[in-house]
Every structure is written in C-alpha cells, then in structure tokens.
Amino acid sequence: MCLPKLKISACLTFVLFAAEILHAQDRTVLFSPTDAGVSKPANWGLDTAWYDENNVRRGGIFMGTNNVDIVRISFTTTNALVAGQLGAAQLYFLTNRLTWVDRWANPFTTVCINEDSPTIDPWYYDGSVVNSTNWAANIVAHAMRAKEWGRTV
C-alpha cells in the first residue's frame, strides 16, 4: 500500500519491484554441500575501452601480468575505412591499446573487441539505415591489425 505523499509513479515502481521479488522467490536450487562440485576456471582480464593506460597498468600490476587472460580493446567508427584500411586516428588508438596489452599483459593474452567511439562517421550508414557491410569491414580491419600484431582475437 502506498503512502498518501508518494506519487503514482513511485507507487507503481514499488509494486512492480515487490512483484518481481515475489516472482523470483518461487525457485528451487538443489545442491549438496558435501559434493565436490564442478571446477570452472575463471578468465581474468583488463579493459582498454576506458582509454587510459593507467587503468590497464594498475590492473596488470594488481593481477600480475601472467594472470591476464584477456584484454578488451576497441574498434572505432569515427572514420571511414580507406581502401579497406584503417585511418590515422583509428590506427593511433588501436596501436596504443595493443601497446598497453604488450606492456601490462603477457604474450599469451588474447584480445576481444567492442565498439567504443564518441561519434560514428556517416560512412557506416546508408541514409538512416546502418550499413552492416561497412561495420563488418571495420571490425575485420581492426581484428586483422590485432592479429598482425601477434594477438589472438
């Protein structure tokens, strides 16, 4: 029941939240506290999408570079590809990120990529529709550069 001073939206939010809690409680999880269980190793990683080497450095030092299994690097869409090649700005950011992986990870660390751009060049659109061919070409160009660098993507 809502208090008179609460707005309708606050009451509705509370009711929906309470309903979700009640709905979530109708689950049964079976386990045995004496069973050995299943070992699931963790993959530990760092992130260069927060574009700051200090972030990666702190992570590598804290974890130990030999414990870094994966690092997230980013592809950027701020520029169009030219003849299938990355532009100068794209190369600059990708080269820095890969250099950080070399400094604060280990030779066996893999990389994964995600999009991390403040803006998106119009080349990635056909009018108002996403040009998936151009997006894919950009992702491939970034992945190939990382592979040429010696990393598994």
Side-chain angles (χ1 to χ4, degrees), residues 7 9-10 12-21 23-25 27 29-31 33 35-153:
K7 292 183 178 180
S9 62
L12 182 57
T13 301
F14 175 76
V15 170
L16 292 174
F17 178 72
E20 186 60 30
I21 290 173
H23 183 267
Q25 292 177 347
R27 305 290 187 261
V29 178
L30 302 175
F31 69 95
D35 284 350
V38 178
S39 178
K40 298 286 185 180
N43 289 321
W44 298 99
L46 300 173
D47 183 17
T48 69
W50 176 8
Y51 190 77
D52 183 347
E53 183 179 6
N54 288 316
N55 181 45
V56 183
R57 178 186 57 82
R58 282 188 299 269
I61 291 170
F62 178 76
M63 294 169 57
T65 57
N66 287 335
N67 295 317
V68 180
D69 299 311
I70 191 164
V71 176
R72 184 171 73 156
I73 60 175
S74 299
F75 69 90
T76 54
T77 55
T78 50
N79 303 94
L81 297 183
V82 178
Q85 300 299 310
L86 299 173
Q90 292 167 310
L91 281 172
Y92 173 81
F93 288 109
L94 182 59
T95 298
N96 284 345
R97 287 174 162 130
L98 289 167
T99 299
W100 300 342
V101 173
D102 287 350
R103 285 184 189 151
W104 304 110
N106 65 73
F108 306 104
T109 300
T110 60
V111 296
C112 64
I113 58 176
N114 69 301
E115 198 277 333
D116 181 32
S117 297
T119 60
I120 300 173
D121 189 276
W123 184 75
Y124 295 96
Y125 291 94
D126 287 328
S128 62
V129 178
V130 170
N131 183 324
S132 57
T133 301
N134 288 356
W135 276 81
N138 188 30
I139 294 167
V140 167
H142 278 82
M144 291 305 298
R145 181 72 173 188
K147 288 178 183 179
E148 290 165 1
W149 194 273
R151 294 293 169 182
T152 300
V153 179

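Given the structure is predicted, the values throughout are model-derived calculations rather than measurements.
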Donor-acceptor pair, distance only, cut-off 3.5 Å: does the side chain of Asn131 make one with the backbone of Thr133?
yes

Once rounded to the nearest 0.5 Å, what's the spacing between atom OG1 of Thr48 and atom CZ of Phe93?
11.5 Å

With side-chain contact (heavy atoms from CB on, under 4.5 Å) as the test, would you mind laying out the steps for Arg151 and Asp102 before giving the verdict?
CA-CA 10 Å; Arg151 294 293 169 182; Asp102 287 350; 2.8 Å; yes

Do Gln90 and Arg145 pass the side-chain contact (heavy atoms from CB on, under 4.5 Å) test, and can you show the C-alpha distance, the side-chain angles, and the key distance before you say yes or no?
CA-CA 11 Å; Gln90 292 167 310; Arg145 181 72 173 188; over 6 Å; no

Would you compute the distance between atom CE of Met144 and atom CD1 of Ile139 and round it to the nearest 0.5 angstrom?
14.5 Å

State, yes or no, whether a side-chain contact exists between Leu81 and Leu86 at a heavy-atom distance under 4.5 Å.
yes

Student check: side-chain heavy atoms of Trp149 and Thr99 closer than 4.5 Å
yes

With side chains defined as the heavy atoms from C-beta onward, is the minimum distance between Asn79 and Trp123 less than 4.5 Å?
no

When you compare the side chains of Asn55 and Trp100, does any donor N or O come within less than 3.5 Å of an acceptor on the partner?
no

Look only at the side chain of Asn138 and the backbone of Thr76, and say whether a donor-acceptor pair between them is shorter than 3.5 Å.
yes

Minimum heavy-atom separation for Pro118 and Thr78, please, with both atom names.
CD-CG2, 3.8 Å

Verify side-chain contact (heavy atoms from CB on, under 4.5 Å) between Glu53 and Asn96, making sure each step is shown before the conclusion.
CA-CA 9 Å; Glu53 183 179 6; Asn96 284 345; over 6 Å; no

Should the heavy atoms of other residues, nucleotides or ligands under 6.0 Å from OH of Tyr92 be counted, would the total exceed 12?
no

Could you go through residues 58-67 and list every donor-acceptor pair under 3.5 Å that involves a side-chain atom there, pairing it with any protein atom two or more places apart or in another chain?
{"residue": "Asn67", "atom": "ND2", "partner": "Met63", "partner atom": "O", "Å": "2.7"}

Pairwise distance CZ(Arg57) to CG(Leu46) - rounded to 0.5 angstrom
12.0 Å

Pairs under 3.5 angstrom only: tabulate donor-acceptor contacts from the side chains of residues 108-116 to other protein residues two or more places apart or in another chain.
{"residue": "Thr109", "atom": "OG1", "partner": "Val68", "partner atom": "O", "Å": "2.7"}
{"residue": "Thr109", "atom": "OG1", "partner": "Asn106", "partner atom": "N", "Å": "3.1"}
{"residue": "Thr109", "atom": "OG1", "partner": "Asn106", "partner atom": "O", "Å": "3.2"}
{"residue": "Thr109", "atom": "OG1", "partner": "Asn106", "partner atom": "OD1", "Å": "3.4"}
{"residue": "Thr109", "atom": "OG1", "partner": "Asn106", "partner atom": "ND2", "Å": "3.2"}
{"residue": "Thr110", "atom": "OG1", "partner": "Asp69", "partner atom": "O", "Å": "3.3"}
{"residue": "Asn114", "atom": "OD1", "partner": "Ser74", "partner atom": "OG", "Å": "3.1"}
{"residue": "Glu115", "atom": "OE2", "partner": "Thr77", "partner atom": "OG1", "Å": "2.9"}
{"residue": "Glu115", "atom": "OE2", "partner": "Ser117", "partner atom": "N", "Å": "3.2"}
{"residue": "Glu115", "atom": "OE2", "partner": "Ser117", "partner atom": "OG", "Å": "2.8"}
{"residue": "Asp116", "atom": "OD2", "partner": "Arg97", "partner atom": "NH2", "Å": "2.9"}

